[in-house]
Amino acid sequence: MKIMILGSGAREYSIALALKRTENDLKFYFVPGNAATAELGTNLAPLPPHSLALYAKKEAIDLCIVGAEAFLADGVVDAFRALGLKIFGPTKAAAQLESSKIFMKNFLKRQGIKTARFLSTQNLDAAKAFIATLTPPIVVKADGLCAGKGVIIAKSRQEAEQEAQKMLSGESFGAAGESIVVEEFLSGFELSVFALCDGEDFVLLPAAQDHKRLLENDEGPNTGGMGAYAPSPLADEALLEKIKSDIIAPTLAGMRAEGEAFCGVLFAGLMVVENEPFVLEFNVRFGDPECEVLMPLIENPLELFMASVQGELKTTRAIIRQEFAVGVVCASENYPYKSSPKRPISIESIPPNSHISYAGVSMQGGRMMADGGRILVCVGVGKSIAAAKKAAYELCERVRFEGKKFRKDIAHQVSP
């Protein structure tokens, strides 16, 4: 069976690793992939959506799995479906749940799904007037895709006004910030919840928690994610049922009612306030690094992907290992401020119950190099969060490259 995976990070590597672990006779194609995915399959140069679909048709690709959001925003699912190809992900129109924060917030408002009080605008004076009604901290978001970095939590009204001005002027995020969302700050605990969807039905995966801030104790700037763990004990059965009934089900029903059935993975970034889940954001692909801790726990990933594409989730269940996974991101020395020089990577050995998912790596002279940004994720699996955390950090210590940095407190919410 031929599987194409779109993206170049640890998320896409993790998907392939899970499929390889649970299935035989799979042939992988990555677009564009990285130096490590080249060891699992064939890396291909990026192509426009229609050209990529034509290539997949020619090569008789059995299933395409979209990892990275940019492909979805470009309409790759529409191009594949037009040629009758199987592809896991939402259409360009449905992908607006992530590609436009304004679309997403207005959709939530129309469907009566709980979210923070907000204003969407292109006008600085309107933004300032709304900011004046809010109590700091205040959240300011760029409308478009910003690789997980387009959200600012301002500590004062003055800072919120400054950030709004920088976004609307194009200084902060270019065209992605030409429209903004200003919203009230919600206080509670965050959850990452993933639902595999076929337009009508869905299957909920274990709840995860991401660690966005660069430094321990959730301090420092926001990043693409410095680590994650799953499942989160903070999500008990009662809360998960509420998330299904109050958020996932009405979102799918609302998308169908608005003429764009949602297929693929719906990633709800939630804030739980006094046991009530509020939507902070939707993404329409797996989170990174959440994907790296979910994939080792799923025993039937291919069955779930195919059921999502073929409209068969009503009769399909996720088979989940009764274990925990913790992932710790090892990043380059200058991340997330600026690029870092390439550094050779050495790995002493990989201890039991752990593995590496590779992201920002290349090959140079037969040696793997850390290219900059988030380099790799050390993943540990165990019967408890403490055991999984121990395995992940033991592996972190065995990975060596100059300037390596990682948070030492991943899963601190639930494990010392």
Side-chain angles (χ1 to χ4, degrees), residues 3-20 26-48 51-52 55 64-71 74 76 145-149 214 223-228 285-293 295 327-350 354-379 392 395-407:
I3 308 285
M4 178 180 281
I5 301 176
L6 307 186
S8 62
R11 168 180 49 208
E12 291 73 34
Y13 185 92
S14 295
I15 291 169
L17 209 60
L19 292 169
K20 187 174 169 27
L26 297 182
K27 187 174 182 180
F28 294 107
Y29 297 79
F30 298 91
V31 184
N34 60 46
T37 61
E39 297 177 1
L40 299 177
T42 302
N43 286 350
L44 302 171
L47 293 168
S51 300
L52 194 58
Y55 177 87
C64 179
I65 299 169
V66 188
E69 60 270 28
F71 288 95
D74 285 346
V76 72
L145 296 175
C146 301
K149 298 172 187 174
L214 180 68
T223 69
M226 294 303 292
R285 38 69 192 180
F286 283 106
D288 186 347
E290 292 100 331
C291 187
E292 290 88 308
V293 296
M295 285 297 142
V328 181
V329 172
C330 292
S332 58
E333 59 186 323
N334 296 328
Y335 180 76
Y337 303 106
K338 60 181 181 179
S339 60
S340 303
K342 288 192 177 189
R343 304 292 191 192
I345 299 172
S346 64
I347 301 168
E348 184 182 316
S349 62
I350 297 180
S354 66
H355 66 268
I356 294 173
S357 287
Y358 293 91
V361 295
S362 62
M363 295 297 290
Q364 187 172 301
R367 189 163 189 188
M368 187 170 284
M369 306 291 288
D371 278 0
R374 294 184 296 170
I375 306 302
L376 52 84
V377 185
C378 294
V379 180
L395 180 53
C396 276
E397 295 298 338
R398 300 188 185 198
V399 172
R400 296 186 176 88
F401 59 88
E402 190 177 337
K404 177 188 75 173
K405 64 182 176 187
F406 59 92
R407 277 185 58 164

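Under the 3.5 Å distance criterion, the side-chain polar atoms of Asn34 are matched with a main-chain donor or acceptor of Ala36. Here the side chain of Arg11 pairs a donor or acceptor atom with the backbone of Phe286 at under 3.5 angstrom. For Lys20 (side chain) and Leu26 (main-chain N/O), no donor-acceptor pair under 3.5 Å exists by modelled atom type. Judged by distance alone, with hydrogens and angles left aside, the side-chain atoms of Glu397 form no donor-acceptor pair with the main-chain N or O of Leu395 at under 3.5 Å. Put simply, the side chain of Arg407 never gets that close to the backbone of Val329: no donor and acceptor are under 3.5 Å apart.
Partners of Glu12 according to the side-chain contact (heavy atoms from CB on, under 4.5 Å) rule, which considers only residues two or more places apart in sequence or in another chain, are Ile5, Ala68. Not counting sequence neighbours, Arg367 has no partner by the salt bridge (Lys or Arg N to Asp or Glu O under 4.0 Å) test. Residues passing the ring pair (Phe, Tyr, Trp, His ring centres under 6.0 Å) test with Tyr358, sequence neighbours excluded: Tyr13. Evaluation of the side-chain contact (heavy atoms from CB on, under 4.5 Å) rule for Ala359 yields Ala10 as partners, not counting sequence neighbours. The side-chain hydrogen bond (donor to acceptor under 3.5 Å, both in side chains) test applied to Ser332 returns Ser340, not counting sequence neighbours. Residues meeting the side-chain contact (heavy atoms from CB on, under 4.5 Å) test with Ser339, sequence neighbours left out: none. Annotation: side-chain contact (heavy atoms from CB on, under 4.5 Å) contacts of Val328 (sequence neighbours excluded): Val326, Ala392, Tyr393, Cys396, Phe406, Ile410. Taking Lys342 as the reference, Asp371 meet the salt bridge (Lys or Arg N to Asp or Glu O under 4.0 Å) condition, with sequence neighbours excluded.
Between Cys330 and Cys378 there is a side-chain heavy-atom pair separated by less than 4.5 Å. Using a 4.5 Å heavy-atom cutoff, the side chains of Arg400 and Glu348 are in contact. Within the 4.5 Å cutoff, no side-chain heavy atoms of Val379 are placed close to those of Ile356. Side-chain contact check for Val31 versus Met4: some heavy-atom pair is nearer than 4.5 Å. Counting heavy atoms from C-beta on, the side chains of Cys291 and Arg285 never come closer than 4.5 Å. Between Arg398 and Ser349 there is a side-chain heavy-atom pair separated by less than 4.5 Å.
Only one option out of Ile347, Val361, Ile345 pairs with Phe401 in a side-chain contact (heavy atoms from CB on, under 4.5 Å); it is Ile345. Screening Leu40, Thr42, Leu44 for a side-chain contact (heavy atoms from CB on, under 4.5 Å) involving Phe30 leaves a single residue, Leu40.
Looking at every heavy atom in both residues, Ser14 comes nearest to Glu292 through OG-CG, 3.1 Å. Listed here is the closest heavy atom pair of Val293 and Gly327: CG1-N, 3.2 Å. Residues Arg374 and Gly224 approach most closely at NH1-O, 3.0 Å, considering heavy atoms. Residues Ala38 and Asn43 share a closest heavy-atom pair of CB-ND2, 3.6 Å.
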Inset, instruction - Determine, step by step, whether Leu6 and Cys64 satisfy the side-chain contact (heavy atoms from CB on, under 4.5 Å) criterion, reporting the C-alpha distance in whole Å, the side-chain angles of both residues, the deciding distance to 0.1 Å, and the verdict. - result: CA-CA 8 Å; Leu6 307 186; Cys64 179; 3.7 Å; yes
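Applying the salt bridge (Lys or Arg N to Asp or Glu O under 4.0 Å) rule to pairs touching residues 28-40 yields nothing, sequence neighbours excluded. The salt bridge (Lys or Arg N to Asp or Glu O under 4.0 Å) analysis of residues 329-338, with sequence neighbours excluded, yields the pairs Glu333-Arg343.
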